[in-house]
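Below is one structure, written out as structure tokens; the observations come after it.
Every heavy atom of this structure was used, including side-chain atoms; hydrogens, water molecules and symmetry mates were not. Read the numbers this way: they start at 1 and go in the same order the structure lists the ligands and their atoms.
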Amino acid sequence: MEILKGIPVSPGVYIGEAFLLVGEEVRIPERFVPAEKMDSEAKRFDDACAKVGTQLDAIRGDTESQLGPNFAAILSVQTQLLRDPSLRQRILDKIRKDHYSAEYAVAKTLRDLAKVIAASDSPVIAQRASDIFDLEKRLLNDLLGEQREDLGHLQRPVALIAHDLGPSQTAALDRTKVRAFATDVGGRTSHTAILARAHEIPAVVGLETITTDVAGGETVIIDGNRGIVILRPDERTLARYRKIQQEFEAFEATLIKDKDLPSVTQDGREIHVLGNIEFPEEVRGVLQHGAQGVGLFRTEFLYLKSGVMPDENDHFEAYRKSVSKLNGRPLTVRTLDLGADKIDRNQAYSEPNPFLGLRSIRLSMKRPENFRTQVRAILRSSTLGKVRLLLPMITAIDELRWAKGVVEEVKAELAGKKVPFDEKIPVGIMVEVPSAALQAQAMARECDFLSIGTNDLVQYTLAVDRGNEHVAHLYTPAHPAVIQLIKRVVDAGLEFDKPVGMCGEMAGEPVYTILLLGLGLSELSVAPPSIPSIKRIIRTLKYSDCQSGAQEVLKMDDANQVLDYLKELARKLLPSDIRFGGI
Ligand code: PEP
Ligand code: MG
């Protein structure tokens, strides 16, 4: 049994089989096999060679018929390598003489060889290293078994173990099969973590070495409440965790019972609690958890799931479906927040500093045709219910003015064609960059509502990458600088009578609810599973207590002091079961 500690990003407990998703970065652990298993280990290697050989022959045949013999010849390099007797012998020696596992023997031999070849002075020879890596991947795919081959065709429920998962990979996961996940890298507000919470999949990230510590098929416990992953648990631990799992599920069930009670404080202040979604299908879950609408629809996932830029009809259908299910409750559609931060690194599009690059509204300004298409669809859907348009990552007032200008142009175009739309559709901005928070008054004067995106606001204020486990300890919304920026935005909203909400993950963390209410926020938009507990917390509190708590926090100059104070206050003001319900 081995216990690994990481960052808890999505609550719940899962006990089950590990499915290892092997990418380029993954190291294969140095694993030994007992002497009596040597023959079967060597046979595993021989069988893998036979299967990969057949695979390569088939691919070569297909390539030849589609592209001709020259292209097919490229694949012969791998076939020759695979059938090279001296290379095979080197791998078998590692198994029989050094007692290494077949996986390790393959990885070590082929990676060592690739290194030598890559260092060659001749570029033609150096390029061949990629063939060796490719062959290694094929052999490992087979040796590690079906547990890691094709994520799209999983046969049974698994805990997915990966070095990293891109947002598009997470979006495409088969949720009926992937019941939990654990990764080497990542932070609490990485988009992968956000999706795990939305899908109610227990998840732990930032484990640094899990892909080398676990083998596919082994039993693991993923404890998303405490950020712990237990490999090869013993019987006592398994029994203990089965009990924890039942208790957690029972606790969730009691919360759900009261989900439709109003979110009004003991002294009568109403706070709107809404849900964050990535796909129209999630509206059902949002309502099942008792939300008063959708406060954030991250529409970029329409692109990320399919890999194809949505056309006007794709957009319109997504909004039509969502708004019709909402029955008059608001749908807040955020325009595409795309950039190199969300697009897979191995795709052609990359930037040295994606979070500071051509992201969100900047990309929309560079490619206005996509933005226009989306705005047209949003406007067309605006007569079907209560639709709001939200602009991501506004850093300067001219971006807001530009976007509003486009909205007006599209309105005129639709009016000309007699297509109905809501003339008064509210246009709001995400406040997720310090410059927008510092200029909140100017922004509030010109937009209809503001939504604070703390996931990015924290990252940009504190200069901490939201997805990097090495700096996760520095990433905290409790930093006084962040709290002061939030206060500034709320005050600007009050001054210009514009609603201010929060849709970053901070809004769904029970430890901050007292502070957020006290600062004057009137709308919280959170991951659907957090809705019932946040509503229950609001019902328990007095607004006046929250206000005095927030006043105390505003005097503090240290994040730890803020957090200690908020935890102490929560202990005093909230019932004991709720405090740790979603943390
Ligand atoms: C945010 O930055 O807080 C936010 C809600 O947007 P996203 O997490 O999609 O970047
Ligand atoms: Mg953001």
Side-chain angles (χ1 to χ4, degrees), residues 9-10 165-168 170-171 186-199 205 273-279 282 286 291 294-305 332-343 354-364 388-395 399 428-437 449-468 475-479 482-483 485-486 489-490 500-509 512 516 521 523-528 530-531 534:
V9 296
S10 182
L165 279 175
S168 53
T170 319
R188 199 171 154 69
T189 59
S190 55
H191 286 97
T192 309
I194 291 172
L195 281 179
R197 277 195 289 283
H199 296 169
V205 302
V273 182
L274 298 93
N276 294 345
I277 62 166
E278 287 76 29
F279 303 105
E282 288 171 278
V286 161
V294 169
L296 171 65
F297 183 169
R298 291 183 166 98
T299 60
E300 56 278 8
F301 282 88
L302 299 175
Y303 164 77
L304 290 169
K305 188 166 187 180
T332 314
V333 183
R334 181 174 77 180
T335 58
L336 296 179
D337 182 358
L338 273 178
D341 61 308
K342 289 208 182 86
I343 294 170
F355 277 119
L356 304 181
L358 192 60
R359 223 196 120 177
S360 299
I361 195 77
R362 302 169 182 181
L363 191 61
S364 297
R388 308 192 289 186
L389 191 154
L390 181 59
L391 303 165
M393 216 191 150
I394 296 291
T395 58
E399 292 163 341
I429 65 158
M430 293 277 298
V431 180
E432 44 190 349
V433 180
S435 63
F449 66 100
L450 301 99
S451 186
I452 305 174
T454 45
N455 305 339
D456 279 314
L457 187 62
V458 171
Q459 121 164 309
Y460 292 127
T461 305
L462 307 181
V464 179
D465 180 343
R466 62 194 267 188
N468 181 341
Y475 184 99
T476 171
H479 194 298
V482 175
I483 295 169
L485 289 175
I486 295 172
V489 182
V490 175
V500 177
M502 178 178 285
C503 61
E505 296 301 300
M506 182 186 193
E509 294 197 32
Y512 296 117
L516 299 179
L521 281 148
E523 180 184 305
L524 302 176
S525 191
V526 305
S530 306
I531 296 166
I534 295 295

Can you list everything that forms a salt bridge (Lys or Arg N to Asp or Glu O under 4.0 Å) with E505? Sequence neighbours excluded, please.
R197

May I ask you to identify the nearest protein heavy atom to atom 7 (P) of ligand 1, giving residue, atom name and distance to one decimal place in Å?
H191 NE2, 3.4 Å

Which segment of I194 sits under 4.0 Å of ligand 1 when only heavy atoms are counted:
side chain

Which one of E278, E300, R466, E432 has a non-hydrogen atom at the shortest distance from atom 10 (O) of ligand 1?
R466

Check the pair L390 / L296 against side-chain contact (heavy atoms from CB on, under 4.5 Å), numbers first and verdict last.
CA-CA 8 Å; L390 181 59; L296 171 65; 4.0 Å; yes

Excluding water, the protein N, O or S atoms sitting under 2.8 Å from the Mg ion (ligand 2) are E432 OE1, D456 OD2

Tell me the contacting part of I452 for ligand 1: side chain, backbone, both, or neither, using a 4.0 Å heavy-atom threshold, strictly below.
neither

How would you list, by chain and number, every residue that makes a side chain to side chain donor-acceptor pair (under 3.5 Å) with R298, sequence neighbours excluded?
E278

Report yes or no: is the cationic atom of R188 (NZ for Lys, CZ for Arg) closer than 6.0 Å to the six-membered ring centre of Y475, at no more than 45° off its axis?
no

Report the part of R334 in contact with ligand 1, treating N, CA, C, O as backbone and CB onward as side chain, heavy atoms under 4.0 Å; options are side chain, backbone, both, neither.
side chain

At under 4.0 Å between heavy atoms, is it the side chain or the backbone of E505 that contacts ligand 1, or both, or neither?
neither

Applying side chain to side chain donor-acceptor pair (under 3.5 Å), name anything that partners S360, two or more places apart in sequence or on another chain.
D337

For ligand 1, which part of M393 has a heavy atom less than 4.0 Å away: the side chain, the backbone, both, or neither?
neither

Which atom names give the shortest non-hydrogen contact between L457 and I452, and what distance separates them?
CD2-CG2, 3.9 Å

